[in-house]
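Predicted model, so just to flag it, every value in this text is computed and none were measured. Counting convention: from 1, in listed order, for ligands and their atoms alike.
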Amino acid sequence: MKKLVVSTGAGISAESGLSTYRDAGGLWENYPVMQVASADGFQRDPALIHKFYNERRKQLVECAPNAAHYGLKELEDAFDVRIITQNVDDLHERAGSSHVLHLHGELMKVRSMTHPERVYDVRDITGGGIETSLSTRDPYGDPVRPHIVFFQEAVPNFAPAAELVQEADIFVVIGTSLVVYPAASLISYVRKGVPIYYIDPNPADTGTLPVTVIREKATEGVRKLAEILRTSH
Ligand code: OAD
């Protein structure tokens, strides 16, 4: 089976009702990004950060995967599909995708402040709830924080992601503005001659790379991509 590596961003979840970050009305227009999504912001006002991610979890549990998420799952019939996502939502998992690597963390997870390797589903340590606060404790009695990669923090899953991209027989980018690094540099790890597809209604400039742009929203774009892949690969 050919290895189909797919890099997704906020655009793939837009039709599920989750805001993107940088489009008009996006999250970073309404919230100061350095307050709610940076290491400095977390140090300055951790209570605000708990509140912000509680709100985002509440939104996420009201949403469902869309046809783009399901379409990628269906491609597993014909391809060895590996998803690398910048998204912190769990919509790829809920659509049934078998291999999902999160570059920027996971909204439904929290981790120990003192033992970062202790990662929990938020519902497991809150008796089924989705909210955390400064007084939330893990089973060892330690405080927790969102399992999110804040700006100014390292991206531990970047190395395995870059390795996957190097192994790709086909590479697909969906719904990302390609401005946040190192995620945006993944495309430069694609081997020469490997076809690259980019689904986005408002795609970023990818320079001289040989990219086939599918200028569509994710649901329609993934439907078209599946047609192309089934007939020509
Ligand atoms: P952005 O908000 O920067 O970009 C969203 C992209 O999705 C844009 O290129 C839009 O044109 C596109 N888009 C909008 N609606 C779409 C639709 N229905 N179908 C397909 N594409 C659509 O989001 P990201 O590039 O994912 O990091 O942002 C990268 C990172 O910046 C995020 O992971 C997040 C943020 O700060 C952290 O929070 C750590």
Criterion salt bridge (Lys or Arg N to Asp or Glu O under 4.0 Å) against Asp169, the qualifying member of Arg191, Lys2, Lys3: Arg191
Any atom of ligand 1 sitting under 4.0 Å from a heavy atom of [X]?
X	result
Trp28	yes
Ala37	no
Val179	no

The one among Ala10, Ser13, Ala183, Gly11 that brings a heavy atom closest to atom 7 (O) of ligand 1: Gly11
Ligand 1 atoms in contact with Gly9 (distance to a heavy atom under 4.0 Å): 26 (O)
Which of the ligand 1 atoms, numbered from 1, are nearer than 4.0 Å to a heavy atom of Val180: 29 (C), 30 (C), 31 (O)
Identity and distance of the protein heavy atom lying nearest [atom]:
atom	value
atom 31 (O) of ligand 1	Arg22 NH1, 3.0 Å
atom 18 (N) of ligand 1	Glu15 OE1, 3.4 Å
atom 15 (N) of ligand 1	Ala14 CB, 3.9 Å
atom 39 (C) of ligand 1	Val149 O, 3.1 Å
atom 27 (O) of ligand 1	His104 ND1, 3.3 Å
atom 14 (C) of ligand 1	Asp23 OD2, 3.4 Å
atom 8 (C) of ligand 1	Asp200 OD2, 3.6 Å
atom 3 (O) of ligand 1	Ser177 OG, 2.6 Å

Salt-bridged, [X] to [Y], with N to O below 4.0 Å?
X	Y	result
Arg56	Asp89	no
Arg57	Glu106	no
Lys51	Glu55	yes
Glu227	Arg230	no

Parallel, tilted or perpendicular: ring planes of Phe42 versus Phe150, cut at 30 and 60 degrees: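 Geometry flag for Phe150 against Phe42: tilted rings.
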Tyr21 and Trp28 aromatic ring geometry - parallel, tilted or perpendicular at 30°/60° bounds: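 Correct class here is tilted.
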N or O pair under 3.5 Å between Thr176 and ligand 1: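 The answer is yes, given that Thr176 and ligand 1 share an N or O pair closer than 3.5 Å.
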Under-4.0 Å heavy-atom contact with ligand 1, by part of Asn202 that carries it: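 Looking at Asn202 and ligand 1, atoms from backbone and side chain both fall under 4.0 Å.
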Verdict with supporting geometry, Arg223 and Glu220, salt bridge (Lys or Arg N to Asp or Glu O under 4.0 Å): CA-CA 5 Å; Arg223 197 190 62 72; Glu220 177 59 13; 2.9 Å; yes
